[in-house]
Amino acid sequence: MAFVEPVTLSDRGVRLVPLDLPHEAGLRAAAADGALWTLRVTSVPEPEQTRAYIEAALEMRAAGNRFAFAVTDQASGEVLGSTSYHDILPAVKRVEIGYTWYAQRVQRSHVNTTCKLLLLAHAFETLGCHVVGWRTDNFNFASQRAIERLGAKKDGVIRGHAPRRDGTIRDTVMYSMRSGEWPEARAQLLYLLERRAAPQE
């Protein structure tokens, strides 16, 4: 039995569903909102690579080391982006959250915070994970700030770690959260979501 079994997670109008080939057109449209594949610090597929991107995610799911989700609008089913559990290590009950990107129109909205709440709750409360990790490009400062807002701790930097799409080699910033830190992080995420939902003066 796989450590991460197929599951649909939803809250606040956002639904995470297992990524599959029927999501190709929606994923392509989401990536086109902002031409996200042109950003050098992300893993967003170019339009003609969208099917291969999904197929690679499905192969990794079959191998047990990644489980990708399509992020969708709960009401319309529209694809808003994608996110994954990856580097899944059942022996130590650890997963990482990554391969995350969203259409430009929902960036800086409640969508990312909601997704992180759903993924972290499932990891700690259902899968029984001891640790959840993140990794990001050393030049992706927005991602680093977002991860730190979750309450994750910076573990360090792996230098010369992975190629970028432009051929340069990136340093990777590693973060993690332990299960004992989850209750406080959960309270903070809920607080951020409540504040975002509150009417502005």
Side-chain angles (χ1 to χ4, degrees), residues 4 7-19 23 26-45 53 57 66-87 95-127 129 132-154 172-177 181-182 184-198 200:
V4 180
V7 65
T8 296
L9 307 170
S10 58
D11 190 21
R12 298 169 196 266
V14 178
R15 176 174 285 162
L16 301 181
V17 298
L19 183 66
H23 292 119
L27 212 61
R28 187 187 294 234
D33 182 5
L36 303 178
W37 60 88
T38 61
L39 304 176
R40 69 191 290 260
V41 294
T42 69
S43 61
V44 182
Y53 177 88
R66 178 181 170 199
F67 194 100
F69 294 91
V71 180
T72 66
D73 180 275
Q74 191 167 355
S76 67
E78 180 186 11
V79 177
L80 306 175
S82 185
T83 190
S84 298
Y85 290 128
H86 66 94
D87 284 76
V95 300
E96 294 187 32
I97 295 173
Y99 294 89
T100 301
W101 57 271
Y102 306 101
Q104 191 173 62
R105 68 186 175 281
V106 297
Q107 293 174 15
R108 299 184 173 278
S109 72
H110 74 292
V111 171
N112 182 51
T113 307
T114 301
C115 288
K116 292 302 186 289
L117 180 66
L118 288 167
L119 290 169
L120 285 165
H122 188 68
F124 287 125
E125 297 169 17
T126 302
L127 301 178
C129 287
V132 173
W134 293 263
R135 58 182 71 189
T136 190
D137 190 297
N138 61 304
F139 282 118
N140 194 343
F141 302 116
S143 175
Q144 291 171 45
R145 286 193 298 271
I147 293 167
E148 288 167 7
R149 273 198 304 273
L150 299 173
K153 303 292 190 288
K154 185 175 177 178
T172 297
V173 187
M174 303 292 292
Y175 290 88
S176 65
M177 181 185 297
E181 296 163 340
W182 166 234
E184 184 180 355
R186 181 178 181 276
Q188 176 66 6
L189 285 169
L190 289 170
Y191 170 73
L192 292 173
L193 286 166
E194 299 294 330
R195 282 194 63 191
R196 195 178 285 277
Q200 299 300 308

Can you measure from CD (E194) to OH (Y191) and round to the nearest 0.5 angstrom? 10.5 Å
Quick one: list whatever passes side-chain hydrogen bond (donor to acceptor under 3.5 Å, both in side chains) with E184, sequence neighbours left out. none
Who pairs with E181 by side-chain contact (heavy atoms from CB on, under 4.5 Å), at least two apart in sequence or on another chain? K153, M177, R178
Less than 4.5 Å apart, any side-chain heavy atom of W101 and any of S143? no
Distance, nearest 0.5 Å, that separates CG of L193 from CD of Q188: 10.0 Å
What's the verdict on side chain to side chain contact (heavy atoms under 4.5 Å, CB included) for L150 and W134, showing C-alpha distance, side-chain angles and the deciding distance? CA-CA 11 Å; L150 299 173; W134 293 263; 3.7 Å; yes
Would you mind writing out the side-chain donor-acceptor pairs for residues 68-75 within the sub-3.5 Å range, not counting sequence neighbours?
| residue | atom | partner | partner atom | Å |
| --- | --- | --- | --- | --- |
| T72 | OG1 | R15 | O | 3.0 |
| D73 | OD1 | A75 | N | 3.0 |
| D73 | OD1 | S76 | N | 2.8 |
| D73 | OD1 | S76 | OG | 3.2 |

Do R105 and L80 pass the side chain to side chain contact (heavy atoms under 4.5 Å, CB included) test, and can you show the C-alpha distance, the side-chain angles, and the key distance before you say yes or no? CA-CA 9 Å; R105 68 186 175 281; L80 306 175; 4.1 Å; yes
Worked verdict on L120 versus R186 for side chain to side chain contact (heavy atoms under 4.5 Å, CB included): CA-CA 8 Å; L120 285 165; R186 181 178 181 276; over 6 Å; no
With sequence neighbours excluded, tell me which residues meet side-chain hydrogen bond (donor to acceptor under 3.5 Å, both in side chains) with S176. D155
For Y175, check ring-ring contact (aromatic ring centres under 6.0 Å, His included) against everything at least two apart and list the hits. none
Residue set satisfying ring-ring contact (aromatic ring centres under 6.0 Å, His included) with H122, at least two apart, ordered chain then number -> none
Supply the atom-to-atom distance L189 CG to L117 CG, rounded to the nearest 0.5 angstrom. 5.5 Å
Could you point out which residue of T83, L27, V79 forms a side chain to side chain contact (heavy atoms under 4.5 Å, CB included) with L19? L27
List the residues meeting side-chain hydrogen bond (donor to acceptor under 3.5 Å, both in side chains) with S82, not counting sequence neighbours, and say none if there are none. none
Which heavy atom in S84 sits nearest to a heavy atom in R66, and how many Å separate them? OG-NE, 3.1 Å
Taking it one step at a time, do T172 and R135 satisfy side-chain hydrogen bond (donor to acceptor under 3.5 Å, both in side chains)? CA-CA 6 Å; T172 297; R135 58 182 71 189; over 6 Å; no
Using the test side-chain contact (heavy atoms from CB on, under 4.5 Å), find all partners of A187 that sit at least two apart in sequence or belong to another chain. none
Mind checking what makes side-chain contact (heavy atoms from CB on, under 4.5 Å) contact with N138, not counting sequence neighbours? R164, R170, D171, V173
Contacts of A29 that satisfy side-chain contact (heavy atoms from CB on, under 4.5 Å) - sequence neighbours left out: none
State, to 0.1 Å, how close T114 and D11 come at their nearest heavy-atom pair, and which atoms those are. CG2-O, 3.4 Å
Heavy-atom donor-acceptor pair, Q144 side chain to D137 backbone, under 3.5 Å: yes
Y102 and C115, any side-chain heavy atoms less than 4.5 Å apart: yes
Looking at Y85 and V4, what are the two nearest heavy atoms and their distance? CD1-CG1, 3.9 Å
Quick one: pull up OH in Y99 and NE2 in H86 and give me the separation to the nearest 0.5 Å. 6.5 Å
What pairs with R149 under side-chain hydrogen bond (donor to acceptor under 3.5 Å, both in side chains), at least two apart in sequence or on another chain? none
